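Just so you know, these numbers come straight off a predicted model, no measurement behind them. The analysis underlying the following values was restricted to heavy atoms, covering all of them including side chains, and did not include hydrogens, waters or symmetry mates.
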Amino acid sequence: LQALGRGPLMQYAWIYRRPIDMGGLQRFHRNLAGSLLGRRIECSPLPTGRHRWVAAAEPPGIDTYAEPRTREQVWDFADEHVALPIDPASGPGWRLGVQPLTDGGAALSLTASHSLADGQGFSMAVADAVNGVVLDLGYPPPGSRPRGKALREDGVQVLRAVPSMGRAIAATVAVARSERADLATSFRTAAQPPRDGDDRPVVAPNVTAFVDIDDWDRTAKALGGTSNSLFAGLAARLGARRGRVAADGLVKLSWPVSERQPGDTRANALIATHMTADPAVVTADLAGVRAAMKQALSESAEMSARLMGPLPLTPLTPKALVRRLEAMVVSVNSPIGCSNMGELDPAVNRPDGTDADYISLRLLEPRITSRDLNQMNGYLGLVSGRLHGRVFVAAGGWTVGSDNSRAAIRDALAGALDDFGLAATF
C-alpha cells in the first residue's frame with residue numbers, strides 16, 4: 001500500500017426490499033468499532049522498524065445518501081462508496097454507507113482495507129458486530145509513545161530480529177531458485193515499456209450473479225465435483241471467455257487458503273496457492289479440477305512455510321523493489337483470482353438485525369488506473385459465498401484491448417454459467 005499508493009479493499013453489499021432499520025444499523029456501526037476493523041497501523045519512526053497495531057479513533061458516521069436510486073443503480077452506488085477515502089494508517093480504515101431505493105428498499109455498503117483483515121477476518125468482524133460481540137484487543141492509542149521511546153524500543157526489536165533476517169535471506173534464495181522459470185518470465189514482462197492507458201483512477205467493471213443453492217449443488221454433484229470445484233470450473237470458463245488462457249489451452253487459478261484459528265487477530269491469516277484447469281473439460285467433468293485442488297491443498301502447508309520464510313525482510317525491502325515485484329507477480333501466466341468464502345455465518349446477512357434479500361462480497365482496488373491494469377496484463381477475480389439459499393458469484397476484471405464495460409463482464413459471466421446449465425439472477 002505504501003509502495004504503490006493503492007491497495008485492495010473489500011466490500012460487502014446488501015440489498016433490502018424494504019427500508020433499513022436505522023436503529024439496528026447504528027448498533028451494527030458502533031459494534032464494528034470494537035471488531036477487528038477497530039484498529040489502525042502505526043508506522044515505526046525507524047525506516048527498518050516494524051509497524052504496530054494501535055486502537056482506531058472514533059469511526060466516521062454512516063455515509064447516508066438522500067436521493068433514492070433505482071435497483072439497477074445499486075452498483076453505481078457501490079462503486080462510488082468504495083472510491084471514498086480509506087487508509088489503514090491515517091484512518092478511516094472502514095466505512096459504512098446506506099442508499100435508499102426508489103422501490104422502497106435500500107442498499108448497504110461496508111468497505112474496509114485488506115490491510116486490516118482478510119476475507120475471513122472481515123466476515124468475522126461483520127458477524128461479531130451483528131451479534132453484539134465486542135473484542136478487547138488491548139491496543140494502545142495512536143501516538144502514545146514519545147519519539148525517543150519509540151526509537152529505542154523499535155531499535156531493540158530490529159536488533160533482536162537480525163538472526164531471523166539471516167534465515168529469511170536464505171529462505172528468499174531458496175524461493176528464487178525454486179521459482180526460477182517464473183521469475184525469468186516475470187522480469188521480461190515487468191521490463192516491457194508501459195502500455196496504453198491513462199492515470200485516472202478507475203473502478204474495474206464487476207457484476208454479481210445469484211444462483212439457487214440447490215441448483216448449484218445438483219450441478220456440482222452431476223459433474224463429479226463439489227461446490228468448491230464447480231466454482232473453480234466456472235472461473236476457468238470465465239477466464240476462457242475473457243482471454244486468460246495460456247498457449248497450452250489451460251488457465252491458472254490462484255486462491256487463498258485460510259489459516260485463521262479461533263482468537264486469531266492477524267490481518268491476513270492466509271496463503272495463496274494455485275493450480276491449472278482445462279476450460280474445455282470442466283463443463284463435462286469436474287473430477288480433474290477436484291483432484292488438482294486436493295493436491296494443491298495438500299501442499300499448502302509446505303508452501304506457506306516456504307513463502308513465509310522471507311517475511312522478516314519486509315521492513316528492509318525498498319519500495320521501488322516492491323513496485324517491480326508487484327508488476328512481476330500479477331502478470332505471470334495471467335492468473336485468475338478465486339476466493340471462495342464457503343458457507344457464511346447467517347449473521348453476516350443481518351447488518352440491521354434482519355436478513356437482507358441479497359448479499360455480495362467483492363475485492364477491488366479503487367485507486368488503480370487503466371495504465372496500471374494494462375501494464376499488469378489485466379486481471380480477473382471472482383469471489384463466492386453461500387448464504388440465504390443462494391450462491392453469490394462476484395466477478396470483476398480488465399482485459400487489455402477489449403470491451404471493459406460492466407455489460408461485457410456480465411455477458412461473459414452469464415455465458416460461463418450457461419455453459420454449466422445454471423440460471424442466475426444478476
Side-chain angles (χ1 to χ4, degrees), residues 1-11 32-60 82-96 110-126 128-129 134-147 149-158 160-161 164-165 168 256 258-260 263-272 308 310-323 325-326 363-368:
L1 175 63
Q2 290 181 323
L4 299 172
R6 57 178 169 81
L9 301 180
M10 300 167 295
Q11 182 183 46
L32 281 170
S35 72
L36 286 179
L37 303 185
R39 55 187 181 178
R40 280 172 34 191
I41 299 169
E42 185 171 82
C43 300
S44 170
L46 283 177
T48 58
R50 293 298 301 268
H51 304 334
R52 68 173 191 154
W53 290 117
V54 294
E58 188 72 18
V82 83
L84 294 179
I86 284 183
D87 192 304
S90 61
W94 59 275
R95 310 185 76 109
L96 179 64
L110 175 65
T111 61
S113 169
H114 210 306
S115 295
L116 294 182
D118 55 26
Q120 293 289 351
F122 190 36
S123 300
M124 286 171 51
V126 171
D128 283 348
V134 177
L135 304 179
D136 182 12
L137 298 173
Y139 296 133
S144 58
R145 296 187 302 173
R147 181 174 175 81
K149 182 181 180 181
L151 288 168
R152 289 193 301 272
E153 290 180 349
D154 290 1
V156 170
Q157 188 181 47
V158 169
R160 287 176 177 169
S164 65
M165 289 178 181
S258 178
E259 299 181 330
R260 192 172 295 279
D264 196 330
T265 60
R266 286 179 292 171
N268 287 268
L270 51 80
I271 180 68
M308 290 299 102
L311 194 63
L313 296 179
T314 301
L316 305 180
T317 309
K319 291 183 175 61
L321 177 58
V322 173
R323 289 191 286 270
L325 289 171
E326 192 259 359
L363 184 68
L364 298 159
E365 285 201 40
R367 297 183 196 173
I368 203 165

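- The minimum heavy-atom distance linking A55 with Y139 is given by the pair N-CB, 3.5 Å.
- Between Q120 and D264, every side-chain heavy-atom pair lies at or beyond the 4.5 Å cut-off.
- The shortest distance between side-chain heavy atoms of P88 and L1 falls below 4.5 Å.
- Proximity of L270 to E259: side-chain heavy atoms (C-beta onward) are nowhere separated by under 4.5 Å.
- Between Q11 and F122, the shortest heavy-atom distance links the atoms N-CE2, 4.1 Å.
- Side chains of R95 and P85 form a contact here, defined as non-hydrogen atoms less than 4.5 Å apart.
- The CG atom of L36 lies 7.0 Å from the OG1 atom of T265; values are rounded to the nearest 0.5 Å.
- Between the NE2 atom of H114 and the CG atom of L364 there is a distance of 11.0 Å, given to the nearest 0.5 Å.
- Heavy-atom minimum distance, S44 versus H51: N-ND1, 3.7 Å.
- Contact of the D118 side chain with the P256 side chain is not registered, since no non-hydrogen atoms from C-beta on lie closer than 4.5 Å.
- Between P140 and R52, some side-chain heavy-atom pair lies under the 4.5 Å cut-off.
- Residues W94 and T111 form no side-chain contact, since every pair of their non-hydrogen atoms from C-beta on lies 4.5 Å or further apart.
- Among all heavy-atom pairs drawn from P366 and V82, the shortest one is CG-O, 3.4 Å.
- The number of heavy-atom neighbours closer than 6.0 Å to CZ of R266, taken from other residues, nucleotides and ligands shown, is above 12.
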